[in-house]
Amino acid sequence: HARKGLWDCKYCGRKGHGRQLLSALQQLGLINSALTAPEFDDDEEERPASIIKLPTEFEYLQLPVTPGNRRFWRYARSRHLSPEVVDYYGIGFCRSGRYGGRLIVPVMHEARLVSFVARAINPAEPRKIMTPPGNTQSQYLFNLDRVRKESDYAVVVEGVFDALVLPEKAVASLGKRLTDAQVLLLVQSKFRKVVLAWDADARWEAGEAARRLAPLIRAEVAILPEGDPNALGRDAVLRAVAGAQPARIGLSCAELVRVKRIGR
């Protein structure tokens, strides 16, 4: 929308002002194409956003412990969730329904519910994690609202329980990769640095993500011992973050493969 100075990508759902668009396209090497592309019609109707709601069976996990919520409190404590953290993040549970037997962690962005993570408390349940249909959680970072207010740097972990080990500094990517939208959020947040602290089995992915971030913001990789941040605990994660190493800027393994193929 040239007259308004705004843009809205109908493919990935991102939007912003003109400077953000030019910056993003320049990083992708597409700026020349963008400058010659046709403009969107200013009067084009906006696409309605998906509305995410908590399950109808949702109940807040509150004290005191009762026969109805005892098993959910037991699981929450096994994941090192204090009553204060449970209350701050509005964590709850479902006894029945589609998400029955699961702890529910809302995913908020700018005070709006954009998704939720439903974690099975029964270890025998084959499907550990469920999310609501139609969610776009890959465009957001869990806990970003709080970290923006309380820290000058962000520690990026994989899951919501990992982030809640270090709630004033950690955001969750909700997976073993950073999407373009998540990279943009980290850069826009103007953190002093970003530390990748994914699980021990995702060190390669963490290195790749840090290399993507390095041209845009100071990026480091924290080498965690075996296990995830939630299992290791707050002190172990802080020690790993303190010893984090700067990302090495250069060709990634995937890029080297592409270069070799092109060379052939």
Inset, instruction - Start with the C-alpha distance between D162 and R79, add both sets of side-chain angles, then the distance that settles salt bridge (Lys or Arg N to Asp or Glu O under 4.0 Å), and finish with yes or no. - result: CA-CA 9 Å; D162 297 329; R79 303 306 299 259; 5.3 Å; no
Inset, instruction - Answer yes when R102 and E125 have at least one side-chain N-carboxylate O distance shorter than 4.0 Å, and no when they do not. - result: yes
Inset, instruction - Answer with yes or no after comparing the ring centroid distance for F93 and Y75 against a 6.0 Å cut-off, counting only values under it. - result: no
Legend entry - Sidechain-backbone polar pair: S151 side chain, A154 backbone, donor-acceptor under 3.5 Å: no
Inset, instruction - Could you tell me whether the side chain of D228 and the main chain of A231 form a donor-acceptor pair under 3.5 Å? - result: yes
Legend entry - Backbone of T179 reached by a side-chain donor or acceptor of Q182 within 3.5 Å: yes
Inset, instruction - Please confirm whether the backbone N or O of K169 pairs with a side-chain atom of R146, one donor and one acceptor, at under 3.5 Å? - result: no
Legend entry - Within-4.5 Å side-chain heavy-atom neighbours: V195 and V221: no
Legend entry - Pair R218, Y153: side-chain N/O donor-acceptor within cut-off below 3.5 Å: no
Legend entry - pair D199-P229: side-chain heavy atoms closer than 4.5 Å: yes
Inset, instruction - State whether the side chain of D145 and the backbone N or O of A111 hold a donor-acceptor pair below 3.5 Å, judged by distance alone. - result: yes
Legend entry - Minimal non-hydrogen separation, A197 against V155, with atom names: CB-CG1, 3.7 Å
Legend entry - W73 six-ring centre to R77 NZ/CZ under 6.0 Å and within 45° of normal: yes
Legend entry - Salt-bridge criterion met for K176 and D201 (N-O under 4.0 Å): yes
Legend entry - Cationic N near anionic O, under 4.0 Å, E220 to K193: yes
Inset, instruction - Look at the side chain of Q245 and the backbone N and O of G243, then say whether any donor-acceptor pair between them is shorter than 3.5 Å. - result: yes
Inset, instruction - For Y88, look at atom OH and say whether over 12 heavy atoms of other residues, nucleotides or ligands are found less than 6.0 Å away. - result: yes
Inset, instruction - Ignoring hydrogens and angles, tell me if any N or O in the side chain of S173 forms a donor-acceptor pair with the backbone of V157 under 3.5 Å. - result: yes
Inset, instruction - Output yes when a side-chain donor or acceptor of N143 lies under 3.5 Å from a complementary backbone atom of A163, and no otherwise. - result: no
Legend entry - Derivation of the side chain to side chain contact (heavy atoms under 4.5 Å, CB included) call for N69 and Y60: CA-CA 9 Å; N69 69 21; Y60 285 105; over 6 Å; no
Inset, instruction - Examine distances only and state if a side-chain atom of R119 and a backbone atom of F161 form a donor-acceptor pair shorter than 3.5 Å. - result: no
Inset, instruction - Kindly compute the distance separating CG (L213) from CD (E208), expressed to the nearest 0.5 Å. - result: 11.5 Å
Legend entry - Electrostatic pair E205-R177, nearest N-O below 4.0 angstrom: no
Inset, instruction - Determine yes or no for a side-chain-to-main-chain donor-acceptor pair under 3.5 angstrom, with D152 supplying the side chain and R192 the backbone. - result: no
Inset, instruction - Measure up the Y89 and F142 rings against each other and bin them: parallel (under 30°), tilted (30 to 60°), perpendicular (over 60°). - result: tilted
Legend entry - Residue pair R203 / I223, side-chain heavy-atom distance below 4.5 Å: yes
Inset, instruction - Could you check whether the rings of H109 and Y140 sit parallel, tilted or perpendicular, using 30° and 60° as the cut-offs? - result: tilted
Legend entry - CA sep, side-chain torsions, deciding dist, call: F116, F58, side chain to side chain contact (heavy atoms under 4.5 Å, CB included): CA-CA 11 Å; F116 59 81; F58 176 86; over 6 Å; no
Inset, instruction - Could you walk me through whether R148 and L185 pass side chain to side chain contact (heavy atoms under 4.5 Å, CB included), step by step? - result: CA-CA 11 Å; R148 276 172 169 166; L185 285 174; 3.9 Å; yes
Legend entry - Partner of V86 under side chain to side chain contact (heavy atoms under 4.5 Å, CB included), chosen from L103, L164, L61: L61
Inset, instruction - Report the C-alpha distance between H80 and R234 in whole Å, list the side-chain angles of each, state the deciding distance to 0.1 Å, and finish with yes or no for side chain to side chain contact (heavy atoms under 4.5 Å, CB included). - result: CA-CA 10 Å; H80 310 293; R234 180 183 177 88; over 6 Å; no
